[in-house]
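Everything on this sheet refers to the single structure shown next.
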Protein chains: 2
Amino acid sequence: MASTSTTALSSSRRAAELSSENRFDQQLARILEHATDVFCEKGYEGASMRDLSRASGMSLAGMYHYFRSKEELLFLIQKHTFGTIIEQLRHRLEKISDPEQRIRAFIFNHLEYFLANQSAMKVLSHEDEKLSNHYGAAVRSVKREYYAICVNLLEQYKRTEKLDFSTRTAVLSLFGMMNWIYTWYNPRQDGNARKLAQEMGDIFLRGIGSSRSSGKKNSRVQ
Amino acid sequence: MASTSTTALSSSRRAAELSSENRFDQQLARILEHATDVFCEKGYEGASMRDLSRASGMSLAGMYHYFRSKEELLFLIQKHTFGTIIEQLRHRLEKISDPEQRIRAFIFNHLEYFLANQSAMKVLSHEDEKLSNHYGAAVRSVKREYYAICVNLLEQYKRTEKLDFSTRTAVLSLFGMMNWIYTWYNPRQDGNARKLAQEMGDIFLRGIGSSRSSGKKNSRVQ
DNA sequence: CTATCATTAGAACGAACGTTCGAACGATGG
DNA sequence: CCATCGTTCGAACGTTCGTTCTAATGATAG
């Protein structure tokens, strides 16, 4: 079993256990990092356990000390990645109250994390639905939470600006714009997260923003 | 070899060959259809040749009469799908001259085909880059062609409306909005292609449309 | 030093993989 | 009728897969 027991221990034993915990977690983190890159390059099914062990410099059998199965490894990656991006987002939103700026912060947070952790986010986007019942449910739950945050931001904006659009279509279009970048992003051409967040924020906010609920349509009907 | 020889033949022989050609092509098409669904459900690597043979009701060995390898099978699916969507698009664009309506036609064409061939389009979007050198280059070429059409539509719109935005970011954002729907589309909630094309068209066109090149920015700087 | 326990690895497991082989099938032409 | 040829299949190929077994490490506590 992993060193996660919480029974009372002598101080020296506790210190040992602590350093042991650190060592265990650090090794696991190291494996997760390398596995993320391999999954990103070859896909979940395409990456073999032997690929993963080679990448992390640990023997095939040794890996199984840190997780029960290849599926759990993918789960740990997805859970950690999603957890981190949500935590970072909440931290940022605390300091902003203006509805538009909150949406812009959401976009920037997503893109910044996406570009700083391209491999992990590609795995998150691309290896979706590969996890079965137990693991899948857990990840889907975190994903719904993240989705709900975005919906709330848009609903609030919609209310204060008295706008009229389909929140669902808008949110999912926004996610599409942002998540698709793993297929095309090139640092040379496309600049950093701040620039992209500005451009996508402009497109998206103008897109949902210029039609008041008065009913005016600015598109010529075909 | 496949019945694609073009040497001179007696009329009866030619008729036989023709019906044979039909039979071959029809069987191949049938396999491609079923394979598309399986690839869609399980992914390219996750779907085994045995899965594919079971789905199309043909023996494992029998499949290899119609293609050289599993990779070529994926290639045939991608090539056919892309070819069809481009052909349909060109046909539609011929009849439209207004720059905005041409963009709207592009969006509608993409979404309509996407929703009518969800499995194929998911495979196209999701199993990208799985093809190696030879096959991959061919698909990438068709993809660039499709991308270029969209770029031209936007450039034309930009010129006639005297707008100022990054064409690249705009095009790729639009593709993101549209291609992402395979992860969330639900006929019950989201309506048909026409409705979605209208909504996404509104968001996108207003998004790129309301900022003239005079330099006005409608977003409060943070 | 000895006992203990987390950690690591070599070797092997049965299962599943993509592909191939040779034979059989069925329709059609002579 | 037989010969031909596109079509189909059962069986098997060698390889690789995810996982497990067992034993050897290395560090720490007593």
Side-chain angles (χ1 to χ4, degrees), chain A residues 1-5 7 9-31 35 38-39 42-75 130-132 135, chain B residues 1-5 7 9-31 35 38-39 42-75 130-132 135:
Chain A
M1 283 294 152
S3 51
T4 51
S5 84
T7 44
L9 301 162
S10 71
S11 66
S12 58
R13 182 76 185 80
R14 179 180 300 240
E17 170 112 334
L18 246 179
S19 82
S20 161
E21 245 185 57
N22 281 345
R23 176 162 170 72
F24 181 91
D25 290 350
Q26 278 171 18
Q27 278 283 67
L28 176 57
R30 224 177 50 82
I31 294 175
V38 179
F39 280 149
K42 304 193 163 195
Y44 172 67
E45 325 255 14
S48 71
M49 287 299 298
R50 285 158 182 84
D51 291 331
L52 301 173
S53 84
R54 211 174 302 121
S56 57
M58 181 175 288
S59 76
L60 183 56
M63 311 263 292
Y64 282 87
H65 185 66
Y66 294 93
F67 43 84
R68 269 188 257 279
S69 66
K70 188 186 174 188
E71 192 182 13
E72 183 176 274
L73 178 57
L74 177 60
F75 169 70
K130 292 269 167 49
L131 295 175
S132 57
Y135 293 130
Chain B
M1 285 297 141
S3 50
T4 51
S5 84
T7 43
L9 302 163
S10 72
S11 65
S12 58
R13 182 74 183 82
R14 179 179 301 235
E17 169 113 335
L18 244 178
S19 82
S20 161
E21 244 185 55
N22 283 345
R23 176 162 170 72
F24 181 91
D25 290 351
Q26 279 171 18
Q27 278 283 67
L28 176 57
R30 226 178 47 83
I31 295 175
V38 179
F39 281 149
K42 306 193 163 195
Y44 173 67
E45 323 255 13
S48 71
M49 286 301 297
R50 284 158 184 84
D51 291 331
L52 302 173
S53 84
R54 212 175 300 121
S56 58
M58 181 174 288
S59 75
L60 183 58
M63 309 265 290
Y64 283 86
H65 185 65
Y66 293 93
F67 42 85
R68 268 188 259 278
S69 65
K70 187 185 175 189
E71 191 181 14
E72 183 177 272
L73 178 57
L74 177 60
F75 168 70
K130 291 268 166 50
L131 295 174
S132 58
Y135 293 129

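Bear in mind the structure is a predicted one, so any value in this text is a computation, not a measurement. Within every chain, numbering begins at 1; the chains are lettered A, B, ... in the order of the sequence lines, protein sequences first and strands thereafter.
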Exercise. For DNA chain C, what are the stems built from at least three Watson-Crick or G-U pairs in a row, each pair having both distances below 3.5 Å?
Worked result: C:1-30 with D:1-30
For this session: Just say parallel, tilted or perpendicular for the rings of A:Tyr44 and A:Phe39, cut-offs at 30° and 60°.
Result: tilted
Exercise. Going by heavy atoms in the side chains, are A:Tyr66 and A:Arg30 under 4.5 Å from each other?
Worked result: no
For this session: Send over the distance from A:Arg23 CZ to C:dC5 C1', rounded to a whole Å.
Result: 14 Å
For this session: Give a yes or no answer on whether the side chain of A:Lys70 reaches the backbone of A:Ser48 with a donor-acceptor pair at less than 3.5 Å.
Result: no
Seminar exercise, completed: Separation between CZ (B:Phe67) and CD1 (B:Ile31), nearest 0.5 Å, reads 5.5 Å
Problem set entry | Rounded distance (Å) that lies between atom P of C:dT7 and atom CZ of A:Arg30 | 14 Å
Exercise. Closest heavy-atom contact between A:Leu60 and A:Tyr64?
Worked result: O-CD1, 3.5 Å
For this session: To the nearest Å, give me how far apart NZ (A:Lys70) and P (D:dT20) are.
Result: 15 Å
Exercise. In whole angstroms, how far is the P atom of D:dT20 from the CZ atom of A:Arg50?
Worked result: 13 Å
For this session: Tell me whether the OP1 or OP2 atom of D:dG6 has a side-chain N or O from B:Gln27 closer than 4.0 Å.
Result: no
Seminar exercise, completed: Whole-Å distance, A:Leu28 CG to C:dT7 C1', equals 14 Å
Exercise. Taking NZ from B:Lys42 and C1' from C:dA16, how many angstroms apart are they, rounded to a whole number?
Worked result: 12 Å
Seminar exercise, completed: In terms of heavy-atom contacts, B:Arg50 and B:Ser53 come closest through O-OG, 3.1 Å
Problem set entry | Protein-nucleotide distance (B:Tyr64, atom OH; D:dG10, atom C1'), rounded to Å | 15 Å
Problem set entry | Near-strand residues of residues 53-63 of chain A, defined as heavy-atom separation under 4.0 angstrom from DNA chain D | A:Leu60, A:Ala61
Problem set entry | Nearest-Å distance for atom pair NE2/P, residues A:His65 and C:dT7 | 3 Å
Exercise. How is A:Tyr66 classified with respect to the nucleic acid when contacts are heavy atoms under 4.0 Å: base, sugar-phosphate, or nothing?
Worked result: sugar-phosphate
Exercise. For B:Gln27 and B:His65, what are the C-alpha separation, side-chain angles and deciding distance, and is it a side chain to side chain contact (heavy atoms under 4.5 Å, CB included)?
Worked result: CA-CA 10 Å; B:Gln27 278 283 67; B:His65 185 65; over 6 Å; no
Exercise. Sub-3.5 Å donor-acceptor pair from the side chain of B:Lys130 to the main-chain atoms of B:Glu71, do we have one?
Worked result: no
Exercise. OP1 or OP2 of D:dT16 sitting under 4.0 Å from any side-chain N/O of A:Ser48?
Worked result: no
For this session: Please list all pairs passing the salt bridge (charged side-chain N to carboxylate O under 4.0 Å, His left out) test where one or both residues lie in residues 55-65 of chain A, with sequence neighbours left out.
Result: none
